[in-house]
2 protein chains.
Amino acid sequence: MTVHDVAARSGVSIATVSRALREPHRVSEDTRDRVLAAVRDLGYRPNRAASSLRRGRTGVIALVVPDIVNPYFSSLTKGAQGLSRERGYGLVVVDTTELAEVEAEEIAALRSQIDGIILASSRLPDDRLAEIMSTTTCVLINRDLSELGVTAPTVTIDERSGARTAVGHLYELGHRRIAYVGGPERSWSQGRRAHGTREAAAELDGVTLIDVGSFAPDVDGGRAAAAAARDSGATAVIAYNDLVALGLLARWSETGIRVPGDVSLMGFDNTFVAELSSPRLTSVGADLTECGELAVELLLERIDHHEPAEAGLHRVVTPRLAVRDSTAPPADADRG
Amino acid sequence: MTVHDVAARSGVSIATVSRALREPHRVSEDTRDRVLAAVRDLGYRPNRAASSLRRGRTGVIALVVPDIVNPYFSSLTKGAQGLSRERGYGLVVVDTTELAEVEAEEIAALRSQIDGIILASSRLPDDRLAEIMSTTTCVLINRDLSELGVTAPTVTIDERSGARTAVGHLYELGHRRIAYVGGPERSWSQGRRAHGTREAAAELDGVTLIDVGSFAPDVDGGRAAAAAARDSGATAVIAYNDLVALGLLARWSETGIRVPGDVSLMGFDNTFVAELSSPRLTSVGADLTECGELAVELLLERIDHHEPAEAGLHRVVTPRLAVRDSTAPPADADRG
DNA sequence: TTGAAAGCGCTAACAT
DNA sequence: ATGTTAGCGCTTTCAA
């Protein structure tokens, strides 16, 4: 099935077939109808390879994530996939298994074969990333190179706002002694979240924030932090993410500590795992599906309208609070 | 960067450049070295669109899944992605959001633009699927059309074996009254798992299996089934999948029923969520990453060696038991 | 072992 | 409004 078949069937030239498909308005209504009818009848689909070769565009974009099994990234992927499909673009997903080398290699391999790349939570150092940004059409998620003078389209989550929301929620419940169980020190989100909680606590009357330290960003990290978090004497604990919170919850439940009876607990990210436990986790997080969509939108804007990597191509997503069952007023609330 | 640049730099014709890359053995060692050096120096990468157009192959395969956020499918995706990358193929991921229509439409759109498709847990009816199989290079995961006379490459999980393993594990612990909380009636896995548990129970001395009914395959389904499962009087419960098990666990914990103290609990699939709870879930499941890899392997075999859709292109993966903390001997074990 | 040349299917100038 | 035509970059006969 080629343009020739369609042309023959509808009695026009192949150029008209191509036009009827790509620029319908540049063709008379009559011919257009005939061509489109032939297209339908024959089940014709333009050959993407030929089109790509000629146009210099592939109609494919890539999404690079550290770990697709992580619900954070699979949600992002879902959003990106949905919108790119809607816009007629193919989405190639690359899982780097958290390895910066794999990421760099894949980006290099993909660069010339696709129209653009979305890099989610890149594990690459700033300088390598800046270099890539200058030679590739791409959008960053969870990364901001503006301090480096590199102005790239980005989707970021306002982690500080999220941290404030988390602390504020606990404050309003009556908590004054709050612990924060941190994630990996080098993590971008961890920096923002730790800073945000500290800052929010400092601005609130009589709130003490205890930093429990850095832990692995998974259930085991949470389990490892459980004792220290409890010993901090806090009436409420904020975990680096939902998985860490679940780890805390699991370990505490094994040692007889009740949530929210003895201590309130909050997660970050509000992924679906927050709904899995008992009590269900109160969590604050951005709509990751939306983040994925925004990234695609930004990228396609840049691709379709040939927009340069100007400033203004930023989207900041504000995390929202999902109150569930793991937070409640502190036990001594009515006494205090 | 084109073949011409490389040709010029290494003093050969473009044909030789192409050969040095695609059929190294058909080029003298000397020239080959020179060409490859030029390739490296220039950072040349063959243009995929041009190559595709000429060869009639795209070097891209697609993976179609109902829901990428479901850990079952994200694990599958991870495996498929890893192997296809290793083999030099791009992987386009499509999330159908559980909609058969979207699935059908996407398959039609992709068909001519890629080398093959992997359909995971297709939501399409048998006849539609059979039709697709006959006109497309593809591999099925979790589906078997052989009863329909359609012989397609498939990766299936031996659900019956898994069910036997689950029942056997509980039997050995001393359980004799076992309940099964089923998933959606129309689900392929549900049929096999329900049947397998029933069968295994029938073969074991004095085991009663109670079918609690069909529920949604998620946490809410588990919560909804909690009372009925408990009222069945079983000393152990097998859930349709890990999420359902987690729902049972959560609801029970809220109503004062202890696991495994009062009742043992097993999940299916052994996804990462089984590690999230307290107690951690004993679960039986196949290595989904491996299933994804197998599917890619099967598909590439078919693509690369032009193998017809012969029988023999089947892989059956046997689920393995992961014993964690949610199963233990029944409370009256030493009394009985 | 290497080179010359045809063309994969499409799009976009250019011509009518 | 429509047709003619020249390639996009590569692979692959065919010839040398």
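Here is how names work: the chains are called A, B, and so on, in the same order as the sequence lines, proteins then strands, and each is numbered from 1. Note that this is a predicted model, so its numbers are computed, not measured.
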Student: How many Å lie between CZ on A:Arg57 and C1' on D:dG9, as a whole number?
Tutor: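 Answer to the nearest Å: 18 Å.
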Student: Just how far, in rounded Å, is C1' of D:dC8 from CG of B:Leu53?
Tutor: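 One finds 9 Å between C1' of D:dC8 and CG of B:Leu53, rounded.
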Student: State whether a side-chain donor-acceptor pair under 3.5 Å links A:Glu106 with A:Thr96.
Tutor: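 A:Thr96 and A:Glu106 do not have a side-chain donor-acceptor pair below 3.5 Å.
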Student: Rounding to a whole Å, what distance do you find between B:His4:NE2 and D:dC8:C1'?
Tutor: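 To the nearest whole Å, that distance equals 11 Å.
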Student: Starting at CD of B:Gln113 and ending at C1' of C:dG9, how long is that distance when rounded to a whole Å?
Tutor: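 After rounding, the reported distance stands at 11 Å.
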Student: Strictly under 4.0 angstrom, non-hydrogen atoms only: write out the protein contact profile of nucleotides 11-16 of chain D, one letter per nucleotide from the 5' end, B, S or -.
Tutor: BBB---
Student: Please report, rounded to the nearest Å, how far the C1' atom of D:dC10 is from the CZ atom of B:Arg45.
Tutor: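 The answer, rounded to whole Å, is 17 Å.
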Student: Can you measure from CZ (A:Arg143) to CZ (A:Arg123) and round to the nearest 0.5 angstrom?
Tutor: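 It comes to 9.5 Å.
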Student: Can you find a pair of side-chain heavy atoms, one from B:Val93 and one from A:Leu91, that are under 4.5 Å apart?
Tutor: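 No; the side chains remain at least 4.5 Å from each other.
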Student: How about B:Asp144 and B:Ser146: does a side-chain donor come under 3.5 Å of a side-chain acceptor?
Tutor: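 There is such a pair between these side chains.
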Student: Can you sort out which residues in residues 28-38 of chain B have a heavy atom within less than 4.0 Å of DNA chain C? Ascending by number, please.
Tutor: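 The answer is B:Ser28, B:Thr31.
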Student: If we ignore angles and hydrogens, is there a donor and acceptor under 3.5 Å between the side chains of B:Arg54 and B:Ser18?
Tutor: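 Judged by distance alone, the side chains do not pair up.
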Student: Can you tell me how far apart CZ (B:Arg315) and SG (B:Cys291) are? Round to the nearest 0.5 Å.
Tutor: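 One finds 11.5 Å between CZ of B:Arg315 and SG of B:Cys291.
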Student: Begin with the C-alpha distance, continue with both residues' side-chain angles, and end with the deciding distance and a verdict on side-chain hydrogen bond (donor to acceptor under 3.5 Å, both in side chains) for B:Asp269 and B:Thr271.
Tutor: CA-CA 6 Å; B:Asp269 291 342; B:Thr271 54; 5.9 Å; no
Student: Can you run down the side chain to side chain donor-acceptor pair (under 3.5 Å) pairs that involve residues 289-298 of chain B, sequence neighbours left out, and say none if there aren't any?
Tutor: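 For residues 289-298 of chain B: none.
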